[in-house]
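Here is the structure we will look at, set down as structure tokens.
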Amino acid sequence: MKLKKGVILAIASFTALSFSIQAAEVVNNATEIWKDTDGNPINAHGGGMMYDNGTYYWYGEYKGEYTYRSPGVGWECYRTMSGGVSCYSSKDLENWKFEGVVMQTDTNTKSDIHPTMVIERPKVLFNEKTGKYVMWMHIDSPNYGKASAGVAISDSPTGPFKFIESIHPNGHISRDITFYKDDDGKAYIFCSSEGNATLHIVELTDDYLKPSGVYTRNFPDKFREAPAVFKRDGKYYIISSGCTGWDPNEAEYAVADCITGPYTAYPNPCRGKDANKTFYCQSAFAFQVQGTNQYVIAFDRWNKRNLIDSRYVWLPINFEGAEITVPWQDRLQFSAE
Ligand code: GAL
């Protein structure tokens with residue numbers, strides 16, 4: 001059948017319209033691979049988000065191609081070689097430009113950031129006082145025995161970040177970690193400590209490079225991991241996972257009036273199919289869409305036997321008073337205002 005010119009134009013403009021509508025969404029369907037502006041899969045797992053000067057920066061674990069099991073470890077310790085920390089930038093949260101590996105690994109076999117080491121959950125913040133960008137991350141040995149928090153520094157959000165050291169904050173071990181700056185400029189690391197049983201909230205020195213010595217112990221013996229922290233209307237929220245390695249479990253959250261607690265724990269905020277397994281995901285970071293009231297929780301959907309192929313799922317955080325829900329959505333639409 002021959003189509004008239006007007007019909008062809010109508011089909012063409014309809015296609016353009018549906019394309020522009022879809023372009024305003026983030027596709028959450030796990031069968032879809034999120035790509036950067038060069039068309040390559042985004043490789044920024046267990047990540048963190050920083051907003052700086054009109055740009056969002058997404059940092060993450062730059063996973064190596066091959067997944068193997070760490071030799072001599074009893075539990076399912078799936079690993080890839082560490083490729084350092086990657087960074088992607090975006091103005092609109094949809095189109096992500098690869099800024100490169102902003103913290104490179106070190107070929108020195110004794111280094112904490114040798115490719116055989118664990119470099120996980122990197123987060124970056126800007127320090128107004130020093131004018132430096134500071135990164136905190138989980139540093140570990142191949143069998144996760146070292147359990148340390150690592151810190152690196154840069155003059156620019158896109159690196160290069162210079163690794164400084166890894167430590168046991170206040171003499172305690174540290175695994176899953178996040179890094180959060182409060183409105184008054186003070187910053188904290190939240191880390192799973194005491195054999196992952198208790199979450200420590202560790203105040204940092206003014207330059208963000210060391211623990212100040214002040215910390216609180218939260219959720220003792222509750223084994224909370226993967227903390228994602230945000231603040232809304234003067235309340236602090238932590239969304240976290242249980243402690244089952246790469247396998248999914250039930251999320252929980254907690255709310256406090258003060259960043260260092262005490263936190264009141266609430267059950268799983270997830271709603272919808274597979275909510276009891278956090279949609280087969282684990283929390284990575286939470287953020288507010290700038291200039292809007294929209295809050296988003298970013299998850300990893302780990303593929304433990306092929307870790308580089310793990311996917312990203314971003315969902316809205318809805319509020320009812322101070323309580324939250326995280327409903328499943330195939331697609332997340334960002335608010336314009
Ligand atoms: C999880 C943790 C991940 C990774 C994994 C290794 O509990 O949240 O970041 O460390 O264990 O099995």
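All ligand and atom numbering here is 1-based and tracks the order in the structure.
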Inset, instruction - Please name all residues satisfying side-chain hydrogen bond (donor to acceptor under 3.5 Å, both in side chains) with Glu165, sequence neighbours left out, ordered by chain then number. - result: Lys210

Inset, instruction - Measure the shortest side-chain to side-chain distance between Glu61 and Pro122 over non-hydrogen atoms and say whether it is less than 4.5 angstrom. - result: yes

Legend entry - Side-chain touch Asp52/Tyr133, heavy atoms, less than 4.5 angstrom: yes

Legend entry - Atom OH of Tyr280 with >12 non-hydrogen neighbours under 6.0 angstrom: no

Legend entry - For ligand 1, the residues whose heavy atoms come within less than 4.0 Å (ordered by chain, then number): Trp75, Glu120, Arg121, Tyr144, Asp176, Glu225, Gly245, Trp246, Gln282

Inset, instruction - Enumerate the residue pairs fulfilling ring-ring contact (aromatic ring centres under 6.0 Å, His included) with a member in residues 67-86, sequence neighbours excluded, ordered by first and then second residue. - result: Trp75-Tyr144

Inset, instruction - List, by chain and then residue number, the residues other than Ile189 in its hydrophobic cluster (Ile/Leu/Val/Met/Phe/Trp/Tyr, side-chain heavy atoms under 4.5 Å); write none if there are no others. - result: Leu125, Val134, Trp136, Val151, Ile153, Ile164, Ile167, Ile177, Phe179, Val202, Leu204, Tyr208, Leu209, Tyr215

